[in-house]
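Please read all numbers here as calculations on a predicted model, not as lab measurements. Computed over heavy atoms, backbone and side chain alike; hydrogens, waters and symmetry mates excluded.
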Amino acid sequence: MKQLGASPIPADLESAIHALKAVFESESDIQLRPFRLLDKNGCILYHVAFTNKSSLQSQVLKPLLTAISDRFEDVLPVLSIERVDTIELAAAALLQGKCAILLEGLEQTVLADVSVSAGDSGSVPQNEQTIRGSHEGFVDDLFANRQLIRRRLETPDLTERSFVLGTKSPYHVSLLYISGLADDAVVEQISTRIEAVTAKYVKSEGQIADILETSRWSLFPQMLSTERPDTTVSHLMEGRIVVLADGNASAFILPATFFMFFQVPDDFVLRWWNGSFFRFLRYISVLITVALPSIYIAIVSNHFEVLPIDLVFSLKASLENIPFNPLIEALFMITVLELLREAALRLPKAIASTLSIVGGLVIGTEVVNANLVSTTMIVVIALTAVASFSIPSHEMRLALRLVSIPVMFAAVLLGFVGIAFSFSLLFMHLTKLETYGVPYFYPLTPLEPKRLWPAILQLPRKLFRRG
């Protein structure tokens, strides 16, 4: 990691340019424009991500090229002009959107504010809303998304690699990481995978996501997708790598672990016991999503003896006129629920709300009246759906729903033994899965208690510091 220098600005122009650019890990982020002021050579340095090029052109470069005086306060039509005499201060100013004007023989740098307007903000996240904290989300424009990240992370160590994919139509992709924190080997692996895309036309970010996943046969997502710049910055500071694609209002975060998919920004804003309770509740919802339908099917198919006698009578009464076995009931209800969800997503919001009401009435009354599904099964599937909706990640939510189906088949065949066998296979898969060399189930396997507790609960930092 490069350290910000505190050395004075050299009087020699070339040395000053070299010293200032050397502060940044990615020198391509710093652009320069030579000029001549009266009889002296000069150069403007600016950071591409923070500078408004239109303002730079009209308020700095053009006045300098037509100046008849070497007094900057008289030449530049910008409000904020200041002079600094160290590399450290000049580099910090570049990260704030100011341009540095260097002049031959001058042991100072003149700074002029040409930063991008704060009005270039993002949209409100649709799938990651919070009660408190930032309500800013990514947009479809790649440049704007990079801007949202850099505005929160003003460090010269933030490095960016740009890729242009598609031989017929250019498709821009950016890879961001913090030098010194991210694993260089992983950065190279991800870069190689992106560069390997030889498609004529990149239809969507899904093609990028497909090549970035290390195990295509696993149901579980191996990279975290987020719409929030603050979440993205948090993961960058933890040494992870971010991939941004043009036309995509979200960022891909790599490498991902299982426990990352259950953390939300509210956990870190609320008091620790509130955050811990709701995060623990999300893990309970995972068990409900995967296991509750299977446990019900196992009980009514093979293990009525585990229920109290009063409950057995009421359960038998609800199943008396149902012609299908519990597995068929469950699959029917899951199919209806997924159809309603899919239809609601594809319709305009006004019609989608009507569809939800009609769907609820049909499921709640007519299906029971027709003796297609028992009332108990409706309660089980409804509880399962509510539990799955509390999982923050859409990709993880879909994965767990799909995983629950083979567990139900095992339950109807072998009862509790089948459920135990299914969970054993699931646990083995999660412990074996890796994303770019990082165990997917870390820190549970390999077990690291000091990191496991902060992953499960949002405990006070004095007790368990996050890694």
Short side-chain to backbone donor-acceptor contact, [X] and [Y], under 3.5 Å:
{"X": "N145", "Y": "D141", "result": "yes"}
{"X": "T445", "Y": "L447", "result": "no"}
{"X": "T51", "Y": "K53", "result": "no"}
{"X": "R152", "Y": "S234", "result": "no"}

Are the side chains of [X] and [Y] in touch, meaning some heavy atoms are under 4.5 Å apart?
{"X": "P229", "Y": "R150", "result": "no"}
{"X": "L20", "Y": "L94", "result": "yes"}
{"X": "I194", "Y": "L165", "result": "yes"}
{"X": "T130", "Y": "V264", "result": "no"}
{"X": "L433", "Y": "S215", "result": "yes"}

Can you tell me how far [atom2] of [Y] sits from [atom1] of [X], rounded to the nearest 0.5 angstrom?
{"X": "R216", "Y": "S218", "atom1": "CZ", "atom2": "OG", "answer": "13.5 Å"}
{"X": "F163", "Y": "L244", "atom1": "CZ", "atom2": "CG", "answer": "11.5 Å"}
{"X": "K203", "Y": "I208", "atom1": "NZ", "atom2": "CD1", "answer": "14.0 Å"}
{"X": "T214", "Y": "Q222", "atom1": "OG1", "atom2": "CD", "answer": "4.5 Å"}
{"X": "T435", "Y": "R240", "atom1": "OG1", "atom2": "CZ", "answer": "9.5 Å"}
{"X": "H172", "Y": "D246", "atom1": "NE2", "atom2": "CG", "answer": "6.5 Å"}

Quick check: are there more than 12 heavy atoms from other residues, nucleotides or ligands sitting under 6.0 Å from [atom1] of [X]?
{"X": "F423", "atom1": "CZ", "value": "yes"}
{"X": "F416", "atom1": "CZ", "value": "yes"}
{"X": "F280", "atom1": "CZ", "value": "no"}

Using only heavy-atom distances, determine whether the side chains of S318 and T375 contain a donor-acceptor pair under 3.5 Å. no
Tell me if the aromatic rings of Y442 and F259 count as close, with their centers under 6.0 Å from one another. no
For residues F262 and F258, establish whether the separation of their ring centroids is below 6.0 Å. yes
For salt bridge (Lys or Arg N to Asp or Glu O under 4.0 Å), just list the numbers for E338 and R401, CA-CA rounded to whole Å, side-chain angles, deciding distance to a tenth of an Å, and then say yes or no. CA-CA 10 Å; E338 293 299 328; R401 283 179 187 166; 3.2 Å; yes
Between I149 and L158, what is the shortest heavy-atom contact and its length? CG2-CD2, 4.4 Å
Distance-minimising heavy-atom pair for S374 and I322: N-CD1, 3.7 Å
Salt bridge or not for R151 and E136, using N-O below 4.0 Å? yes
What pairs of residues pass the salt bridge (charged side-chain N to carboxylate O under 4.0 Å, His left out) test when at least one of them lies in residues 297-320, not counting sequence neighbours? none
With V187 via side-chain contact (heavy atoms from CB on, under 4.5 Å) - residues at least two apart: R161, L175, Y177, A182, S191, I241
Show the numbers, then the answer: is there a ring-ring contact (aromatic ring centres under 6.0 Å, His included) between F324 and F332? CA-CA 10 Å; F324 307 113; F332 174 74; 7.8 Å; no
